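In what follows, a single structure is set out as structure tokens and then discussed.
Every chain is numbered from 1 and lettered A, B, ... according to where its sequence line falls, protein lines coming before strand lines. Every value quoted in this text rests on a predicted model; they were computed, and no experiment measured them.
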Amino acid sequence: MSKHTLATLVAGLAILILLPFTQSNYGVFVLCSWLVYSISAMGLNLTLGYAGQVSLAQASFMGIGAYMTALMTMAGVPWPVAMIAAMVLCFVIGFLLGYPALRVQHHFLAFITLAFNALVVLVLRNEEWLTGGTYGIVGIPRPEVLGLPTQTPLAFYFFVLALFVLMAAALYAIIRSPWGRTFKALRENPIRANSLGVDIRKTTLLAFAIGSSYGGLAGSLLAQLTQFIDPHSFGLTVSLKVLLMVIVGGAGFFFGPILGALLIVLAPEFLRFTEGYYLMIYATLVIVLMVFCPTGLLGLVERARTALKLKQNPNATTWEAGR
Amino acid sequence: MTKTAIASIAIAMAISAGLPNISWADTIKIANVIELSGAGATVGSNWRDALKLAFEEINAAGGILGEKVEVTDYDTQTDPTTSRAMVQKAIDDGAYVIMGPIYSGSVKVNMMVAQQNGVPQLTGAEAPFITDMGNPYIFRTSFGAQQSMPKLVKYLTEEMKVKSVAVAWVNDDFGKGGRDSFVAELEKSGIAVNADVSSEVGQADFAADVIKLKSSNADAIFAYLHEEESARLLKEIRKQGVAQPVFGETTLMNQKVVDLAGDAVNGVRGHVGLSANAPIPGIEEFAKKFEAKYNYKPDHNAIKAYMGAYVVKYVTTKNGKVDRQAFADALHGMTITPADEPGILMETSWDDKGEVNRESFLVEVKDGKQTVVTTLPKL
């Protein structure tokens, strides 16, 4: 990592630390949702952007994580145990869900994950004895970190921010590791990757499992943020929203899902002044973006840079300029 | 990782720092946190229009304690999590009283936030648990299902001599709450439940549901769904030529259902907490004003909102100050009569849990119009 990159990262972190002080409680709430959805989208980015598996089940992992954390913390289990247990459970379920992914690809895989999401919502709704059914669970406690309560919006924001930074760093390490390169090889050309000795089975399963555990953590945090969960909060629409975050931001770019989540969480806020029209304007903006830039916002930036380099050095191939 | 990526995030965040947080001086701020989009848009727009009408009247008459009232709409999108954020936003904006929402699932989530901040909330929700949670800042504008269902079951047993019922309900907080209260009342009266059919919010096809209801051979069908689904269910019931009488509670005879289902609603009977067709002078006058202004007939949600606005006016004027705590304290155990405040339309009381009590009506829909059969006394 260059000195320059490091400096920008530190500046970015400083902004994240100072930003909530300029906001009302509502503003802090919105920032928290952004960070939480970013974590979920980062996980999906690993599955989709790096390993190339289309999953429509990210919300179901958020649901599993949320209910697990809620039920355990409300039963008196300390929050770190509950949240780690939620992540482990999602890892295991993600691993198992990865098996069909070995047999089917692309839209068939999307259907399987879609069915899984519907299944999870039905279980959450019908197993009333455990999940509270349609009524959901109210009054989920917020954790106490190092003896400090996180009841206030600001304290909870810093709790979420710390986990966000931790998870982002972990993901960065994964992507830079040989594992990350294996994921990318798998996305680009599975047969060639196999010929180079990549274990496709293991890699696919692992991408699914890690991505799912990110979803589980996001769910845990969401449960504590809103202090309420119901099956509806983890339906297909939410899965599609997370997918949209990854695609709008730029699948396969490290900062793609974070930028995507920012736009998708905040855009309705900016457009709220248009009153009844905001959903229409918002939908139109997404369509326009997808038509003109299927690789997402960061893809657009990348494209501009490549074009600039090609102009400076007309003899270079597109591939070289893209490096 | 690119510098551009970080720069774009930084810029976006810098913009977000400017999220609007404007405040006005010398006005009383009322937050209307309501369903303006999503599945609840029908009920939410009725509520909003009536609330606007009421506060325009109040402002035209000099406001409350000489101050103008300013109403801000916050759209919950019929989503509990969004509604929680909207209540937070309303409190940040300095709301004196929060009006709404109507969907019970949303109220359950956001009433905690209002409670933590000590902001009174007048809700249109009907699920029983809302007043059972011991929140001293929540007040109903409509009956909870636990109050209306006994009235209906009494009518079914005593007037209709019904021995068995088939129940159709929508599987969300509203429908489940109503269904549970209703079935519990049936059990007390020894009436059998021959079929128990749940459906989804937004469900379009009720063919299979109606077959189940029809083949249950129950003496009557009880339907407890939201407006749009009620209309679809009733149409299907008529299509399949179901012979059993159909009963409901408030929403089933709602004006919106009449508008959507047309002739299919005729003959439906049930209990309503409020009706624009009630033989009460105040309500008749309100319905006229509302229809003249908005060109459609108000439903019970509109009446609830209109009365709610005048509750805010009456209690605040009586307290002589704009004080949230004083408002919540005063409204518990209070009875307001139309003689005290004409805008209240009907004599209404609140108990120590914020539960509302007033006369209600048994109605039958005839020629697309709610006709009041009996006026039931206060509990």
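Looking only at distances, a side-chain donor or acceptor of A/Tyr135 sits under 3.5 Å from a matching main-chain atom of B/Gly177.
Contacts of A/Ile229 with chain B are absent, with no heavy-atom separation under 4.5 Å from either backbone or side chain. For A/Gln151, no part lies near chain B; criterion is any non-hydrogen pair under 4.5 Å. Looking at A/Thr226, the atoms closer than 4.5 Å to chain B (heavy atoms on both sides) sit in the backbone and in the side chain alike. At a 4.5 Å heavy-atom cutoff, B/Asn110 makes no contact with chain A through either its backbone or its side chain. Only the side chain of A/Asp230 comes within less than 4.5 Å of a heavy atom in chain B; its backbone stays farther off.
B/Asn171 and A/Thr134 share a donor-acceptor pair across their side chains, judged by distance under 3.5 Å alone.
What you find for B/Asp92 and A/Gly27 is that their closest heavy atoms are OD2-N, 4.5 Å.
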Open item on the list: Would B/Arg84 and A/Phe29 count as a side chain to side chain contact (heavy atoms under 4.5 Å, CB included) here? Give the steps.
Closed with: CA-CA 10 Å; B/Arg84 186 193 195 277; A/Phe29 183 88; 3.3 Å; yes
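For the atom pair CD of B/Gln116 and CD of A/Gln227, the computed distance is 6.0 Å after rounding to the nearest 0.5 Å. Atom CE of A/Met280 sits about 11.0 Å away from atom OG of B/Ser37, to the nearest 0.5 Å. Here A/Tyr26 contributes atom OH and B/Ile91 contributes atom CD1; the two are 13.0 Å apart, rounded to the nearest 0.5 Å. Once rounded to the nearest 0.5 Å, the distance linking NE2 of A/His232 with CG of B/Asp172 reads 10.0 Å.
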